[in-house]
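Each chain gets a letter, A, B and so on, in the order the sequences are listed, and its residues count up from 1.
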2 protein chains.
Amino acid sequence: MLPAGEPKFRRRPGDRPAEILAAALEVFAERGFHSARLEEVAKRAGVSKGALYLYFETKADLFRAVVRDAISPNIERIKAMAEAQVSFEPAVRIGLVMLASRVVTDRRVSGVVKLVIAESRTHPELAAIWHETVVEPGIGLMSRLIAEAQVRGEVREGDPRLFAFGLMGPMVLSMVWRETFEPVGAQPIDVVKLAEQHLDTVLQGMRP
Amino acid sequence: MLPAGEPKFRRRPGDRPAEILAAALEVFAERGFHSARLEEVAKRAGVSKGALYLYFETKADLFRAVVRDAISPNIERIKAMAEAQVSFEPAVRIGLVMLASRVVTDRRVSGVVKLVIAESRTHPELAAIWHETVVEPGIGLMSRLIAEAQVRGEVREGDPRLFAFGLMGPMVLSMVWRETFEPVGAQPIDVVKLAEQHLDTVLQGMRP
DNA sequence: TGAGTAGATGACTGGTGGGTCAGTTATTTT
DNA sequence: AAAATAACTGACCCACCAGTCATCTACTCA
C-alpha cells in the first residue's frame, strides 16, 4: 500500500488561501452560507477540511474573507471613476454600460451580492462593509455628478439621489433576476441592452 | 401544583394554521430559513413545537406555505389590474405608486421577497411559484400596455419588456435596500417619492 | 356525567456537520 | 544524513435542532 512516486500532498502555504477563497466563493454562491459544506470547500480547493482551519478561524471567518475579497476590485473601479474629471452624461453612459457588461454579468459578483442580501441578517457586518465601501461611494459619486449637471442646467430639478436610484435600479433587478429567476426557467435579461435602453430613456427624461 | 382557573391550552384547530403561518412569517423573515427555530415559531404562535406538526409536515412545508400565503393577495391585485381596461400612462402611474406605497413599504412583503431571493437555491420551487404567479404576469401586463401605447404612437420604439424592467428596477432596489442596508444604518429611501420622480423621468423619456 | 376522541404537549432521539488534534509527511536547516 | 520544523491529514467529538411519540387534556355528545 506504499504510494509510489507522487507525494500525498504538497506544502504550498503561499497559494492555499487564494485557492480556498476561490473554492469557498463557488460553494457559498451555489448553496448559501448555511447549506455550504466545509468538506465540499476543502474538496474543491484540493485540501483536507483540517487545512482550512490553518488559514481561517471559523466558517463565518472564511465567509467574511470571501466577501471582502470580492469587494476590492470594485473599490478600485469606483475610486478611479471618482478621481477622473468627467462630465455627467458620458460618465454615466460609460459607467452604467461597463457595470452591465463587466460587473452585473459576472456570476462571481452577482453571486456575492446575492449572498450579502441573503445573509445580511446573520452577518450584518458584511452588509455594513458592502454598504460603506461600495454602495454609498457609488451612489454618492453619481449623485454628485447629477447635482453638478443640475447646476449647469443640463439636468432638470429633482433629488439627485433618487435619480441615481432610478438609474441603478434595473441593474440590481438584473442581478436578482439572474440569481433567482433564471435558474427556474425565466427568460434571461440582456443586461447590456437593458442598460442602453434605460440610459436613453432616463437621460432623455432627465433633461430640463 | 394544580393550575387554577385557566386551562393549560385550548383546542382551536380552525385558527391554528393562520396563527402559525403569521408567527412563521415573522421568524423566517427575521432569521432566514435555516436559522429560524421551530421552537421560536411555536412560542410566538402560542403552541408547542409538536403542534406545528399537526398542521404542517416539515419545516420546508411550513416555509412553502408561508410564501404561498403571502403571494395570494398580490395575485388578486394583478388580476384586477389586468382585467380593468386602462390606458398606458395613468395605469402605470397609479400602479407604480400603489406598488410603492402599499407593497414595497410592507415589511411582510419585502421580507418574503428577500426570503425567496435568499433561499432560491435551496428552495427553487418557491422562486418558480413566485415567478410564474407574480413576476411574469406583472411584467407581462406592463409589457402589453407599453406595446399597445407604442402602436398608438404614445411611446417611442424600444423593447417593451426592457421598458418594464426599467420602471420596476428601482422598486426592487428599494426592497433590497430596506431589507439589507437600512438595518446597518443606511439612509432610508422614500419609496413613494422615488416612484413619483422615476415615473416623471421615465414616462418623459419614453415619449417619441 | 362519563366515555370517547381529537387537539395538544414536551421529553426524547438520531443525523448532521462545524470544529479539534494527535499523528503523518513534505520541506528546510544543520 | 539526520534533526527540526511547519504544512497537512482525517478520524473523531459533541452541540444542535428537526422531527417523533407516549401521554395528557380539553371538548363533544349520547
Side-chain angles (χ1 to χ4, degrees), chain A residues 1-28 30-66 115 119 121-123, chain B residues 1-28 30-66 115 119 121-123:
Chain A
M1 255 343 206
L2 288 175
E6 283 301 285
K8 193 169 177 181
F9 61 85
R10 288 184 189 285
R11 291 166 64 168
R12 299 167 41 246
D15 300 333
R16 293 295 191 212
E19 290 171 3
I20 292 171
L21 281 176
L25 169 55
E26 270 186 32
V27 179
F28 281 133
E30 274 171 30
R31 322 258 344 170
F33 179 75
H34 280 277
S35 300
R37 300 287 151 245
L38 290 184
E39 200 81 60
E40 178 66 22
V41 173
K43 194 173 148 196
R44 295 201 199 180
V47 294
S48 68
K49 195 169 70 163
L52 301 183
Y53 286 86
L54 297 173
Y55 301 101
F56 303 94
E57 301 252 322
T58 63
K59 185 185 187 183
D61 185 51
L62 173 59
F63 182 56
R64 281 189 285 271
V66 165
L115 277 174
E119 309 293 344
R121 293 251 198 261
T122 34
H123 298 271
Chain B
M1 267 328 215
L2 288 174
E6 285 300 287
K8 191 170 177 180
F9 60 85
R10 289 182 189 288
R11 292 167 62 170
R12 300 165 42 245
D15 300 332
R16 292 295 192 215
E19 291 171 2
I20 293 170
L21 281 177
L25 169 55
E26 270 185 32
V27 179
F28 281 133
E30 276 171 29
R31 322 257 344 169
F33 179 74
H34 279 277
S35 300
R37 301 286 151 245
L38 289 184
E39 201 81 60
E40 179 66 22
V41 173
K43 195 174 148 194
R44 295 202 199 179
V47 294
S48 67
K49 194 168 71 163
L52 301 183
Y53 287 86
L54 297 172
Y55 302 100
F56 303 95
E57 302 251 322
T58 62
K59 187 185 187 182
D61 185 51
L62 173 58
F63 182 57
R64 281 189 285 271
V66 166
L115 276 174
E119 309 292 343
R121 294 252 196 259
T122 32
H123 297 270

Positions of residues 36-50 of chain A (non-hydrogen atom under 4.0 Å from DNA chain C), listed by number: A/A36, A/R37, A/L38, A/K49
A/R44/A/E40 ion pair, N-O < 4.0 Å: yes
A/L54, nearest nucleotide to its side chain (from C/dA8, D/dG19, D/dC8): D/dC8
Under 3.5 Å: donor-acceptor pair, side chain of B/S35, backbone of B/G32: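 A pair under 3.5 Å: no.
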Backbone of B/R31 reached by a side-chain donor or acceptor of A/R121 within 3.5 Å: no
A/Y55 side-chain N/O to D/dC8 phosphate OP1/OP2 under 4.0 Å: yes
Atom-pair distance ([atom1] on [X]; [atom2] on [N]), nearest Å:
| X | N | atom1 | atom2 | answer |
| --- | --- | --- | --- | --- |
| A/I20 | D/dC8 | CD1 | P | 8 Å |
| B/F56 | D/dT20 | CZ | P | 16 Å |
| A/L52 | C/dC21 | CG | P | 17 Å |
| A/D15 | D/dC8 | CG | P | 10 Å |
| B/H34 | C/dT16 | NE2 | P | 14 Å |
| B/Y53 | C/dG10 | OH | C1' | 14 Å |
| A/K59 | D/dC16 | NZ | P | 15 Å |
| B/R16 | C/dG7 | CZ | P | 11 Å |

Parallel, tilted or perpendicular, as decided by the 30° and 60° cut-offs, for the rings of B/F33 and B/F63: tilted
Shortest non-hydrogen separation from B/L38 to B/L62 and the atoms involved: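 Closest heavy-atom pair between B/L38 and B/L62: CD2-CD2, 4.0 Å.
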Residue A/E57 excluded, over 12 heavy atoms near CD under 6.0 Å: no
